[in-house]
J.: 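There's a structure below that I have some questions on.
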Amino acid sequence: MILSPLWLPVTLAAALFQTWRTAMQQRLRGQLSVNAAAVVRYLYGVPVGALLLALYLLIFGGTLPSPTLAFLLFAAAGGLGQILGTNLLIMAFGHRGFAVGTAYAKTEAVQGAILALILLGERISALAWCGIGIGVAGVLWLSLAGRAASWRELARATVQPAAVCGLASGFFFALTSVLIKSANLALPGEDPVLRALVTLVAANIMQTVMQGSWLLAREPAQFRAVFATWRTSAQVGALSACGSACWFTAFALAPVALVRAVGQVEILMTLLFSRFYLREQPTRAEVLGALTVVAGVVLVLVGR
């Protein structure tokens, strides 16, 4: 059920922040390990999330809801799911299957729709399901555009480590969406946006503790580097918090399947960034894939 039309612009904003954060995070490559780069998203995102929560309360009023045990469990599980999804995606790259791993990870829109149906009972129209399928096909095409892999090779690669890690990554990202929405619903109160911001702060704190503890125990030098690179890391954390705030709000206002399907425009924003900022010319395959993604999003919106 859609609670407010605000879900659509918020979802588009989430995709924009995520694209921007990814571009900024490239500056940290070579300075931080995989785990350290993930920690900065949560550590530096906590104060920004708290600021967003404070500003919302100042502007719109309300009182902080009291966290329930169910809320804390769902938020912790959602935070852990995001950590696992990110690490599995990086593992897919490590198996020399960047294109295949990325392509299979992008099935999170379909996996999210299925999980939301099973776990939350969220139902969407047949037309929206078609739109999700077409959108995922377009994202798969874009993930492989300009690469040697063909659709037949992609099918044969399904049982390879890169594909398995990619599918698992997409599953955990999809599961995270459902768990975060469940955490939101477990909080008392009538304002879903306020609940979403509280969920963001709680999840980021727990993610910082979980992955930060792992980093301190296993990579102490990288733990120190997280603070040494604070200028760039703080920007990444701020963009991550803003993006997550939008994602969590969208999940609270609309079915997970619709949010994840429309969120696939992130890959279009990446293409626009490469075209107008990096001055790269899109290939014919990329244009075809982009049009397919747009067509899928349009069907989702029409069929919602």
Side-chain angles (χ1 to χ4, degrees), residues 1-15 18 65 68 70-71 73-75 77-79 81-82 85 104-140 167-200 203 243-268 292-304:
M1 180 177 65
I2 296 176
L3 300 181
S4 168
L6 181 65
W7 78 273
L8 182 55
V10 167
T11 300
L12 296 176
Q18 187 161 309
T68 63
F71 164 76
L73 291 175
F74 281 130
Q82 187 177 43
Y104 277 104
K106 294 302 182 182
T107 61
E108 67 173 284
V110 171
Q111 295 192 66
I114 294 172
L115 287 175
L117 174 63
I118 296 172
L119 300 178
L120 299 176
E122 291 184 347
R123 299 182 180 277
I124 57 177
S125 69
L127 187 59
W129 274 107
C130 289
I132 291 173
I134 291 173
V136 169
V139 171
L140 290 175
L167 281 170
S169 172
F171 170 80
F172 278 109
F173 283 138
L175 182 61
T176 295
S177 304
V178 174
L179 290 170
I180 290 300
K181 180 155 191 171
S182 297
N184 185 298
L185 294 173
L187 275 177
E190 299 297 324
D191 188 342
V193 178
L194 176 59
R195 299 198 309 263
L197 293 175
V198 172
T199 304
L200 166 66
S244 294
C246 292
W247 284 123
F248 289 13
T249 299
F251 294 145
L253 298 176
V256 168
L258 299 186
V259 174
R260 278 303 184 194
V262 174
Q264 291 178 121
V265 299
E266 174 198 348
I267 200 164
L268 302 183
T292 305
V293 172
V294 170
V297 171
V298 169
L299 282 178
V300 167
L301 294 176
V302 171
R304 73 183 186 278

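The residues of the chain are indexed from 1 along the displayed sequence. Only heavy atoms go into these numbers, but all of them, side chains included; no hydrogens, no water, no symmetry mates.
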J.: Set out, in order, the CA-CA distance, both residues' side-chain angles and the distance that settles side-chain contact (heavy atoms from CB on, under 4.5 Å) for Leu200 and Trp247, then state yes or no.
T.: CA-CA 10 Å; Leu200 166 66; Trp247 284 123; over 6 Å; no
J.: For Val256 and Ala116, work out which heavy atoms get closest and say how close.
T.: CB-CB, 4.0 Å
J.: For the CG atom of Leu73 and the OG1 atom of Thr68, what is their distance to the nearest 0.5 Å?
T.: 8.5 Å
J.: Could you check Leu175 against Leu119 for side-chain contact (heavy atoms from CB on, under 4.5 Å), going step by step and ending with a plain yes or no?
T.: CA-CA 10 Å; Leu175 182 61; Leu119 300 178; 4.2 Å; yes
J.: Where do Leu179 and Phe74 come nearest, in terms of heavy atoms and distance?
T.: O-CB, 3.7 Å
J.: Please name the pair of heavy atoms, one in Phe173 and one in Glu108, separated by the smallest distance, quoted to 0.1 Å.
T.: CB-OE1, 3.7 Å
J.: According to side-chain contact (heavy atoms from CB on, under 4.5 Å), who are the partners of Thr176, at least two apart in sequence or on a separate chain?
T.: Gln82, Ile180
J.: Do you know which two heavy atoms are closest between Thr11 and Gly263, and how far apart they sit?
T.: CG2-N, 3.8 Å
J.: Using the salt bridge (charged side-chain N to carboxylate O under 4.0 Å, His left out) rule, collect all pairs that involve residues 167-182, keeping only residues at least two apart or in two chains.
T.: Glu122-Lys181
J.: Under the rule for side-chain contact (heavy atoms from CB on, under 4.5 Å), what residues qualify as partners of Leu187, not counting sequence neighbours?
T.: Pro65, Phe71, Arg195, Val198, Thr199
J.: Taking all heavy atoms of Ala75 and all of Ala183, pick out the closest pair and write down the distance.
T.: N-CB, 3.8 Å
J.: How long is the span from the CG atom in Leu253 to the CG atom in Leu8, to the nearest 0.5 Å?
T.: 11.5 Å
J.: Taking all atoms of both residues into account, what is the closest heavy-atom pair of Ala245 and Leu197, and its distance?
T.: CB-CD2, 3.9 Å
J.: If you apply the rule side-chain contact (heavy atoms from CB on, under 4.5 Å), what do you find for Phe251 with Asn184, and how did you get there?
T.: CA-CA 9 Å; Phe251 294 145; Asn184 185 298; over 6 Å; no
